[in-house]
Every structure is written in structure tokens, then in C-alpha cells.
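Single-structure report; data block below.
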Amino acid sequence: MATMDVIERISDTVWELPVSYKEGMRVPARIYGTEKLIREMDEAVYDQITNVATLPGITKYALCMPDGHFGYGFPIGGVAAMDVNEGGVISPGGIGFDINCGMRLVTSNLTYGEVKPHIRELVDLLYRQVPAGVGSTGFLKMSKREFREVVEQGARWCVRNGYGWKEDLELTEESGCIEGADAAKISDKAVDRGFKQIGTLGSGNHYLEIQVAHRENIFDEELAEAFGISIPDQVVIMFHCGSRGFGHQVATDYLQIFLKVMDSKYGIKILDRELACAPFDSTEGRDYFAGMKCGINMSFANRQVILHRIREVFSKVFGRSAEDLGMHMVYDVAHNTAKLECHKVDGREKQLLVHRKGATRAFGPGMGGIPESYKTIGQPVIIGGSMETGSYLLVGTPGGAETFFSTAHGSGRTMSRTKARKTWRGEKLQREMEARGIYVRSTSWRGLAEEAGGAYKDIDEVIEASELAGISKRVVRFTPIGNVKG
DNA sequence: ATGTTC
């Protein structure tokens, strides 16, 4: 493979493609991963991440996390920080169509032994109460005008309306409401698609999972306890979803606008039209930033209402209140965003627009913007594996400075959905998983087959690469026992 | 990811 001949090994887990690799690169591209992950990575990822390295304002490196795979414009797993005072751009392809697709992790004080006899009942009821699948709608009835308030207020709106606890907000990135969301910057079409979608899971790789923290999978007892994982074989709930059709429409709207003005108005030439962008400091760029933040808030609200439903389901099945069941949030992380952050580059503080597309923010100890209770230990990082293997809770580290404090977000696909459909059958997979102790319900057999564990990279290898590279540190590995699949 | 090809 041609790229392997020119890629430079910086360390066991950091690999670099120099600016000489491709004409127009402003910075080198750095890919994180063990040698195995790097060798297995789709060649298209190298092409995409070096395209990203040509974008105006890109600072230090175009980065790809160990779970990187082919995506729209940017690879999924891509991180790019644009200097907004040096003509840096904002690009929807660097954020993803599913704006603020993310993960939420919730504890319980139940053990595996207590939950096991109820797992079918729990999953079946969750399947009913948290609608999944393409085009699904939620139980909340609101007007389009009210929905515009929701996308400006995020999870705060939910808690104020009885869908959650006050503490949930403190334990959500951006406290569940990113500042600067402006509903005047989103289209009626986006509102039409989104206003019935709060409290719904979606499809694809979105899921809601019941998991167990087995004693042997706790890597740091002190940190685990600080995050609320302290009972042997403790049961937790992890879920993954985003801004549904709403975020998709916001991204689509602005991609069209950017394609029109990018070259004609701003003279920006790009190698791939999927990298459509606009200067951050422009009318179009700022409008998208404010509209995209509505997508971020819609997603926080979505996960907040889903958490409310999960608490109701557990409460009904176990006949105790959610408070009594210890159903506290560990944290909520965003996977698909661009955020204005200050980072030190070559000894100087710079204001950067950090695009993270299929990458998790991983702030280290002492940094601003993380919950008070975690201030001295660092930000929790929630990484979902495939439904068959396992997931992780990690913590941000000082070494994250190398990646603008970003790390992996999941397993990362190795096989296309089409090929996965031909390799597995959903019905058979469900039976096999049940025999292995994972009860799964899905809205579609086809969708289930697409998400087979074998279609993904080895999550343990991805996590090991992230830890060896020093950009995050393992705390707990979780094993799935029940799953609602979108 | 997505009213899975406006």
C-alpha cells in the first residue's frame, strides 16, 4: 500500500503524513493508532485527512483518531482546529450531518444478579417507551414555535418541564445548553422535520444499552468511584443518539449555501466538494455556527428526554423511584461538533474553532468547562463499542494537548453496511447474541445485521491506542446485557 | 446519520 511507504512513524501510536504528501497541505496530517489499526485503515481515510490539511486556517495538524473511517468529506474520527483570527473556516463536513450525535452514561445501584431476571421485561419496555427507527416520533406534543425554544434552550427546557433532574444539567457537556444557538438561523423545513422527534433514538448505529461493570474490568478504582461506579457487577445504562432529521436538515441547508458562496464570494478552492466551507468570520459562517448550535441543543434535549423515559421504565420494573435506584448521570458527551476553544499552540494561546467529527472532547484535570465534581480528575469520556463487544468509560489527560484534547468516539466500522448485510442475518444474530447473554430488540433485521460486532474494529485495540498515545485513560470497561437498536 | 436518492 502506497501510503504505508511514506507515512512516518512518530511513536508506537502516532503516524504522520508530511505536507509533501499532497499539494496544498498547510499542515501535516497525524493519524493515531497501533500499527495494526494503521495497516487496516481504509486508504480513503489518508486521502480525506490530507484533504482536510489543505483547509484555510487549519492549525498544527489535521488529526484522525484511532477509530477513523471513511466519511462525508472529513473522515469520521477527524479533528481539525481552525484559527478564527487567521481566516479559519467552518465546514459542515467536519461536524457531520448528525450534529451532536453523542453518548450519555447513567448509573444504577442494581447489580447484574438483580437485573438479569428482568432483562427481557426491561428491554421490551424500553423498546416501547423510547421510539427507535427511521422516521420515528416521540411522545412530546409541542408546537413548532415551542420547538424553536427547545433548540435554543437544550436540556434546560426539558428539566424545567419535568423531564429530568437539575443535576443532569451539570453533568452534560455545555451544561446541556450551548450558548449562541439562534433559531432565526434555521429553516422551517428543519423545524418541520424535528418538532416531533424529541425523545427518539433514531437508526443506524444509534442504540440504548444495559451494561455491567464487572469487577475485573475496572482499571482505576478511585476514578471509577468518583464517576459513580463502585458496586461489584454494577448495572449502568449507556445510549447513543443525535439530532435526528433536524440536525441533518440544518447541515444540508448550509452545505448548499456554502457551495454557492465559497468560491464566488470568498475565493476558497477545495479538493473535494464535500469539504464545502465558509470563513468562520463571515455572515454565512456565523449563521451556520448559530444554526448548528440549535442542532447541538436539540440533541442534548433529545438525550435528556430519553433519560427521563429510561428512569420511568426502571422505576416501573423494579417498583422503586429512580432516585432510590441511584439513576444518576455520569456524563453526556458530544461526538459531532465544532466549538470555539482556546488552546496553546507553540506557546501562544489561540482562539480555535475545533471541529470534532466522530471524536470526543477529552479535557484534562483542572481545565475549564468540566463539571465541578470532576474538576480535579478530568472529564469523563464515554466510548461506545459495538453492541456485541463492550464499551468504555475513560478520563481526559494532560497529554490530550497534542490533539486539542480530543480522543476516539467508538469502534469505527471496518466493513460497509452493504457488505455487513450480506454477511449476517438479523434474525440469526439476535438468537446468537441472546445465547451469549445479550438480549437485543431492533426495529429492523437489516439494521441489526449492519451493526454486527464483526463489522467493527476491535474496541479494545482502539482504546489501547488512545491510552498509549496519552490522549485519554481507561477507567471502566462495560459488558452489554440488553440492547435497543435503532 | 437521514421522511436511507430534492
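Hydrogens, waters and symmetry mates play no part in the numbers below; they use all other heavy atoms, side chains included. Letters go in sequence order (proteins before strands), and every chain restarts at 1.
The distance from atom CZ of A:Phe246 to atom P of B:dT2 is 14 Å, rounded to the nearest whole Å. Residue A:Phe97 contributes atom CZ, which lies 9 Å from atom C1' of B:dT2 at whole-angstrom precision. Atom pair A:Tyr72:OH and B:dT5:C1' shows a separation of 13 Å (rounding to whole Å applied). As a whole-Å value, the separation of A:Gln256 CD from B:dT5 P is 15 Å. In this entry the distance linking CD1 of A:Ile76 with C1' of B:dT2 reads 13 Å, nearest Å. Distance, A:Asp98 CG to B:dT4 C1': 13 Å, rounded to whole Å. The separation between A:Ile99 atom CD1 and B:dT2 atom C1' is 12 Å, rounded to whole Å. The interatomic distance linking A:Leu255 (CG) with B:dC6 (C1') rounds to 14 Å, in whole Å.
Among the protein residues, A:Gly96 comes within range of no part of the nucleic acid, since none of its heavy atoms lies under 4.0 Å from any strand. Residue A:Gly242 is classed as having no contact, given no heavy-atom separation below 4.0 Å to the nucleic acid. At a threshold of 4.0 angstrom between heavy atoms, the contacts of A:Gln197 are confined to the sugar-phosphate backbone, with no base atom among them. At the heavy-atom level, A:Lys196 lies nowhere under 4.0 Å from the strands shown. Using a 4.0 Å heavy-atom cutoff across all strands shown, A:Arg417 reaches sugar-phosphate atoms only and no base atom.
With hydrogens and angles left out, the side-chain atoms of A:Thr407 and A:Tyr32 include no donor and acceptor closer than 3.5 Å. A donor and an acceptor atom, one from each side chain of A:Thr337 and A:Arg356, are nowhere located under 3.5 Å apart.
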Would you please test A:Tyr331 and A:Phe227 for ring-ring contact (aromatic ring centres under 6.0 Å, His included) and show each step?
-> CA-CA 9 Å; A:Tyr331 202 48; A:Phe227 289 150; 8.5 Å; no
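With a 4.5 Å cut-off on side-chain heavy atoms, A:Met329 and A:Asp332 count as touching. For the pair A:Tyr374 and A:Gln379, the minimum side-chain heavy-atom distance is 4.5 Å or more.
Between A:Thr252 and A:Ser243, the one whose closest nucleotide on DNA chain B sits nearer the 5' end is A:Ser243.
Phosphate contact (OP1/OP2 of B:dT4, side-chain N/O of A:Ser203, threshold under 4.0 Å): absent.
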